[in-house]
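Notes follow the structure.
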Amino acid sequence: MSFENIVNLKASAGTQANEVVTVLGYYKAGDEGGGDFYWDKTTPLANDNGGTIFAVNNNTEGRWKRIFSGPVNVKWFGAKGDGNDDTAALRACANFCRAASTSDVLKRKMYFPEGTYLTGTIDITGIFAIGGADFSSVLIRSKAGEDIFYWKCPGEAGYIAPLDITIENLYLKLDRTDANGRTKNGRLRIGFGGERIANAGICLPGYIGHNFNNINILKSGDAGPRHGDCGIFYSGPAYKVNFGAKTEIRDLDYGVVVGLSELFTKQDAGTKEVIANPTTNVFSMTGSNNPPADNTRVVLMFSLKNTDTINGIKSGNRYYVINSDDESDPKTFQLSGSLNGTAIDFSISGTPGITVVPAGKEMIPRIISGFNGNTFLCDNRFDLNEQVALIFNENERKFAVSATGNPVILPRKRYYVVNPDNPAIGGHNFQLAETSGGAAISFSVFDNPAPALTPEEIADDPGNPGPLPIETYVIPAGADSIEYACDEWAAEQLITAATRRAGFSVPNLAQSVFNTFGCQSWRVSARILAYQSTTRFEPRSVEFSELYTEGAFDTKYMAQREYARLEGTQIRVANGPKCQSGEATDNIYITVNTNYSDFGMMEVDDGNKIIITGSGNTIRAGVQGKENFIEDRGVNNKVLFIKSYNGLDAPGEISYLSRYSVNKPLGGFWPDHVLNGAANAPFQSENVLFHQAVNQLFYNNPAIVYKTDPALDVNGYVSIATPTQLAIRNPLGSVSNVFSIGRFFPKSRWILYAKVRSTDVEKTVTIAFQRLDSPGSFGASRTDQKVNTAWQFISVVVDHSSAPDGMTGQIYVTPSSGGLDLAYFAVVPDIMFSPKTGTYATTVSGNPATAITIPHGLAEVAPTAIPSFFQVTAASAGAKNISYVEPTSTSLIVHYDSPIAVGTNVTLTWSAKP
């Protein structure tokens, strides 16, 4: 017997046990929703699930049960795949697959045949295989602001560990038009780089063994801004993630992000389900679970549906347990906002899932609502000496003492809570310290918000993400918090293309291998971040064959911001990352905060830069012919420049130590004209080539002795006893004994410094650049200076900005008589100099003043040079009405048309450059 559709099947009861019939389609013949069924009269009767079990209308006896094996087709549950809303059918299919997977030996696969499916969020908790017929023919579209596939977090009722799951052969499209998507249903999802996530194509809580094959995740529609849509979001650490065949995420706000959510706890946090009774303000434990003890701190978590609300108690907040194990009902407890306080009144609408978890084992981000001096304001309490970490976007916020100073509070670093406003029960207002019970850190907040969009920019690019409120989040980071490590990731072909905010953001990536990884972005391409979790402290042993990070495309936003950040140890990248925005003055940069890592080829356009903050790295860099776009702030980094010369690639190796190689604090050892700053806040643009003498080979093999001096600022020095030329081999990138201007070293004005002392009496020492290709012609630079028996700097200014191509030469020092000690050479390209700046304050005395003289201190750079650039600005009322400024070799003379009266306070800010 056969039936046309399911409606007809449900209208006809079986005539005998195990009778078999055929249904031609769910709605009509050939729509793939039909199949073979048998009549089951056994009791108790199974519930009608809309797909594999059907009850007969007005019949209380018997059920039609589907005969099948293998994957579970969503069209069996009534999904049409015609572009209309299939939410109910897809959720019914998911519910069946979940129940079957937890009870059957064979875990059921949820299968999508060809078609276009519109859906709300599908709870895939407990479904270990999801797949389609083909990723080019199966399209699943989300409703506005909703996830497509969502697996519950450990803090949610009904959580099942997502061990060994596979999602494959699907084309997902996210509707990003819900402007409240980031806060929908109490949602709070963040990445460790400060990413703020709304809905996701695939949202998982981490765990072990996740496989993605032939997955495309894109935006839905072309108009309107993106509101935080993300391809794949992990709310916890993910182990053994495999991107097998092509996985492509395109044109969303975010690509792949691993972070935190409002529902995440440790796997072993002791999370228990509870039932809330708003009539009595009581919570009851389910099953055999016992309630938490009185006066313990707990967190309630609500898994909210669209229509659910809870008033009076906030999900994720910390509360005290009271009235636990009441004699009249030993399974109940109540909550209070304070120790031994009164019970909180609450109300509930709907049926949200509710769980309780011990405080401190939840990994919930809380929003810092504001700042009061050095105090953080938060709507949640944190305990005295509790360890916490801050999460924020460094491109838009900095915690520092001054706008130009280094940060004093870093993201993802563990700090201690001090000075809470209520030490007994924790504080909503608190400060942070480096150590338990230590002094509070002083800071100011400096924000760099995204520029507002003009109507023309919105019209030209409706998908431009625009600015977001700048937020800071605080998370538990103590011994009970989660170990955050993302181990054993692998990718055959992973692409996060044209993401608007961040393409890839993963903390503590370790023991992972990526083959092809394309990560182009409008703003941030890749963040491989270190987070100081309980036992893992940094990414380690990660390999990329291709880290293709073309961009940044949003050059208006990205000016002077970070495009990519790589942190960790033993990171190996054969090709990439790149920062190629196509502009010459963006100052966009890539941060390499790695140690003992190798980069086969990094590339940046002119005007962008690579900043190296780690140590012991080998970096091959294509920088459009200028070393000045690399800042080396580390120790023992080896840099190989690949530059275009006459249409050919010409490698020039510069292996050198930066000023951070010194074996003791900087103090005043670098002169201010090298640092362009104070000794305790040095200038941070590190294009200084620092050649420690004990590490060099000297031309003509002079008789040198290696010595140490405890008072010296480096680990050793060389000494000669007779007047011999000390000429450095390979000083500036040449592969010969000399360097070549314009080929291995940029044409520019630069200064050669040497730290020297006489071995016996005061004498004359020559410091020079000596031209070798045409001696005595263009470019010879030499000066003789008096040197005594104390360590001192000597220098010579060299200007080869107009030198002929290929001009060669060497640098050296030579004593006029006797011996000489040499600690190091330093070569400072003049292009790296920011103007020297300062503030000059004085009070007019004696007679009215028609001029104020500001000493600029540039003489040690160029003793006779008048500043080529200078600027003076009145910083007080008495300093106004400047007529003109006259530069001299020693001063800036500020002239006034009208004399300044005696007793007037004059404050001027100034800058000057030789």
Side-chain angles (χ1 to χ4, degrees), residues 2-10 20-40 46-55 63-142 148-151 165-173 202 211-216:
S2 65
F3 295 94
E4 177 72 15
N5 53 41
I6 295 297
V7 171
N8 293 345
L9 176 71
K10 289 171 66 66
V20 176
V21 298
T22 298
V23 180
L24 302 180
Y26 199 97
Y27 301 102
K28 62 182 181 180
D31 65 7
E32 297 186 66
D36 293 333
F37 293 80
Y38 74 94
W39 182 249
D40 182 6
N47 291 328
D48 187 330
N49 64 15
T52 62
I53 302 173
F54 291 100
R63 296 288 188 267
W64 288 110
K65 291 188 175 181
R66 187 181 293 272
I67 302 170
F68 74 99
S69 62
V72 179
N73 191 323
V74 297
K75 289 191 175 182
W76 295 351
F77 290 81
K80 294 181 178 180
D82 61 358
N84 292 306
D85 190 352
D86 279 323
T87 302
L90 297 181
R91 288 177 176 172
C93 182
N95 289 337
F96 172 76
C97 292
R98 173 168 40 256
S101 295
T102 56
S103 59
D104 292 357
V105 175
L106 175 64
K107 294 180 178 180
R108 297 297 185 184
K109 179 178 182 178
M110 186 176 179
Y111 173 75
F112 290 79
E114 291 184 9
T116 298
Y117 304 85
L118 174 65
T119 183
T121 301
I122 304 170
D123 179 2
I124 61 169
T125 307
I127 304 174
F128 296 89
I130 301 171
D134 183 86
F135 77 94
S136 63
S137 61
V138 178
L139 172 60
I140 306 175
R141 293 173 48 232
S142 77
I148 294 179
F149 296 128
Y150 177 81
W151 192 298
I165 64 175
T166 298
I167 302 176
E168 60 187 354
N169 299 328
L170 296 171
Y171 190 154
L172 310 181
K173 277 197 171 185
I202 302 171
N211 302 287
F212 303 98
N213 296 301
N214 292 320
I215 299 293
N216 274 18

> What is the distance from atom CG of L170 to atom CZ of F112, rounded to the nearest 0.5 Å?
Replying inline: 6.5 Å

> Can you check side-chain contact (heavy atoms from CB on, under 4.5 Å) on F149 and I127, steps first, answer last?
Replying inline: CA-CA 10 Å; F149 296 128; I127 304 174; over 6 Å; no

> In Å, rounded to the nearest 0.5 Å, how long is the span from CD1 of I124 to SG of C97?
Replying inline: 11.0 Å

> Where is the tightest heavy-atom contact between N49 and A92, given as atom of each residue plus distance?
Replying inline: O-CB, 4.0 Å

>> Please identify which of these residues, T87, N84, I122, V138, meets the side-chain contact (heavy atoms from CB on, under 4.5 Å) condition with Y117.
In response: V138

>> Does R91 form a side-chain contact (heavy atoms from CB on, under 4.5 Å) with D123? I'd like the steps, not just the answer.
In response: CA-CA 7 Å; R91 288 177 176 172; D123 179 2; over 6 Å; no

> Closest heavy-atom contact between I215 and E168?
Replying inline: CD1-CA, 3.6 Å

>> Distance check, rounded to the nearest 0.5 Å: D48 atom CG versus R63 atom CZ?
In response: 7.0 Å

> Do F37 and I6 have side chains that get closer than 4.5 Å, going by heavy atoms?
Replying inline: yes

> Do the non-hydrogen side-chain atoms of R108 and F68 ever get within less than 4.5 Å of each other?
Replying inline: yes

> How many angstroms lie between CG in D134 and OH in Y171, if you round to the nearest 0.5 Å?
Replying inline: 12.5 Å

> Of the non-hydrogen atoms in N5 and K28, which two are nearest, and what is the gap between them?
Replying inline: CB-N, 4.4 Å

> Can you check whether Y26's main-chain N or O pairs, donor with acceptor, with D31's side chain at less than 3.5 Å?
Replying inline: yes

>> Tell me if a side-chain donor or acceptor on D86 pairs with a main-chain N or O of A89 at a distance below 3.5 Å.
In response: no

>> Could you tell me if the side chain of S142 sits less than 4.5 Å from the side chain of T121, heavy atoms only?
In response: no

>> Check whether R66 reaches the backbone of G34 with its side chain - one donor and one acceptor, N or O, closer than 3.5 Å.
In response: yes

> So how far is it from K109 NZ to I165 CD1, rounded to the nearest 0.5 Å?
Replying inline: 13.0 Å

> Heavy atoms, side chains only, cut-off 4.5 Å: are F77 and T52 in contact?
Replying inline: yes

> Would one find more than 12 heavy atoms of other residues, nucleotides or ligands at under 6.0 Å from atom CD of E4?
Replying inline: yes

> Are the side chains of W64 and W39 in touch, meaning some heavy atoms are under 4.5 Å apart?
Replying inline: yes

>> Is it the case that the side chain of R141 and the backbone of K173 share a donor-acceptor pair, with hydrogens and angles ignored and the cut-off at 3.5 Å?
In response: no

> Between I53 and F96, does a side-chain contact (heavy atoms from CB on, under 4.5 Å) hold up when you go through it step by step?
Replying inline: CA-CA 10 Å; I53 302 173; F96 172 76; 6.0 Å; no

>> Please confirm whether the ring centroid of F54 lies under 6.0 Å from the ring centroid of W76.
In response: no

> Can you list the steps and then say if W151 with I202 is a side-chain contact (heavy atoms from CB on, under 4.5 Å)?
Replying inline: CA-CA 8 Å; W151 192 298; I202 302 171; over 6 Å; no

> Can you check whether G131's main-chain N or O pairs, donor with acceptor, with N169's side chain at less than 3.5 Å?
Replying inline: no

> Looking only at heavy atoms, what is the nearest atom pair of V72 and C93, with distance?
Replying inline: CG1-SG, 3.8 Å

> Any idea which heavy atoms bring T119 and D85 closest together, and the distance?
Replying inline: CA-OD1, 4.4 Å

>> As an exercise, state the distance from CD1 of I130 to OG1 of T166, rounded to the nearest 0.5 Å.
In response: 9.5 Å

